[in-house]
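Have a look at the structure below, then the notes.
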Amino acid sequence: MVEPGLDDEADRDAPHPSISKLPDPLDRPDHPNRWPVEPFDPASARETDSDTGEPMDAAAQRALASRLAQIKRDAYARLASATTPSAHSRPSTAARPGKTEIYVHLTDQTLAAGDGVIRVEGHGPSLASQLGELIGYGPYIVKPVIDLNQAVSVNCYEATDRIRERVKLTHPVELFPYGTRETSRSIDLDHITPYNPLGPPGQTSTTNLAPLSRYGHRVKTHASGWTFRRISPTTLEWRTPHGFVFHVDPNGTHRIFETVG
């Protein structure tokens, strides 16, 4: 694509950028987004020791990683200072760094040794030593290992975030027959054994909750002839008014043919 010249039809009504004297609003010295730019040093940005393409040694790689981390921290600090309202200005929404959650599956041997093969959801298998490259140099929070075999419960009707997270990891998709709704933070968690306000404590538990879409939840609650029960920690058995039996687990829906004897 050729840039229009000074005498082209498109430039008759507006001055060419190269000769325009109009001020750029971002060039004001008091503009909050006008951050000082550090001088560029080509020597510090090289990824090799020389022009021969030789790889950096371990010390140079550590120095580069430290430098990149410092640049990222400085960028966050400048962004926070530029978006923080002063005492005499109107309050504004401060920009925050993005948040990403990753789930890492590993064995107890890998956890104890600190090295081995891990599986990162959405990424695939990787080495434990490569986890730092995946996370990056920004702030991060390490949560405790989640043991899905451990039942967690609360003494109220609403499920906590801790319970929702475990239900999501145990059942990635809803447990309605042939359901396609992915288990999310907003999906309905239905009490398999109906909740009784006067009943025993711990009714809202990872062992008594099933993720269901709103349609599946209404069918289970209001449609006559539909029943379901838990037959294993990860499997629900559904029975329809027409006599069909389905087992739903994390691997999908399986129709069960019962023998009449």
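Residues take their numbers from the sequence shown, with the count starting at 1.
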Checklist entry - Atom CG in Asp188, atom OG1 in Thr221: separation rounded to 0.5 Å? => result 9.0 Å

Shared hydrophobic cluster, [X] / [Y] (ILVMFWY, side-chain heavy atoms < 4.5 Å):
{"X": "Leu236", "Y": "Phe176", "answer": "yes"}
{"X": "Leu175", "Y": "Val245", "answer": "no"}
{"X": "Val104", "Y": "Val117", "answer": "no"}

Item to check | Asp249-His171 side chain donor-acceptor pair, cut-off 3.5 Å | outcome: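 Side-chain D/A pair, Asp249 to His171: absent.
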
Next on the checklist: When you compare the side chains of Asp190 and His217, does any donor N or O come within less than 3.5 Å of an acceptor on the partner?
Outcome noted: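 Result is yes, a qualifying pair exists.
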
Excluding sequence neighbours, so at least two apart, what forms salt bridge (Lys or Arg N to Asp or Glu O under 4.0 Å) with [X]?
{"X": "Lys168", "result": "none"}
{"X": "Arg239", "result": "Glu237, Glu258"}
{"X": "Arg185", "result": "Asp161"}

How does the hydrophobic cluster around [X] look, that is, which other residues are in it when side-chain heavy atoms under 4.5 Å mark a link?
{"X": "Tyr195", "result": "Tyr157"}
{"X": "Ile187", "result": "Val152, Val154, Ile163, Val167, Leu189, Leu209"}
{"X": "Leu148", "result": "Tyr103, Ile146, Leu169"}

Next on the checklist: Within a 6.0 Å radius of atom CD on Gln130, are there more than 12 heavy atoms belonging to other residues, nucleotides or ligands?
Outcome noted: yes

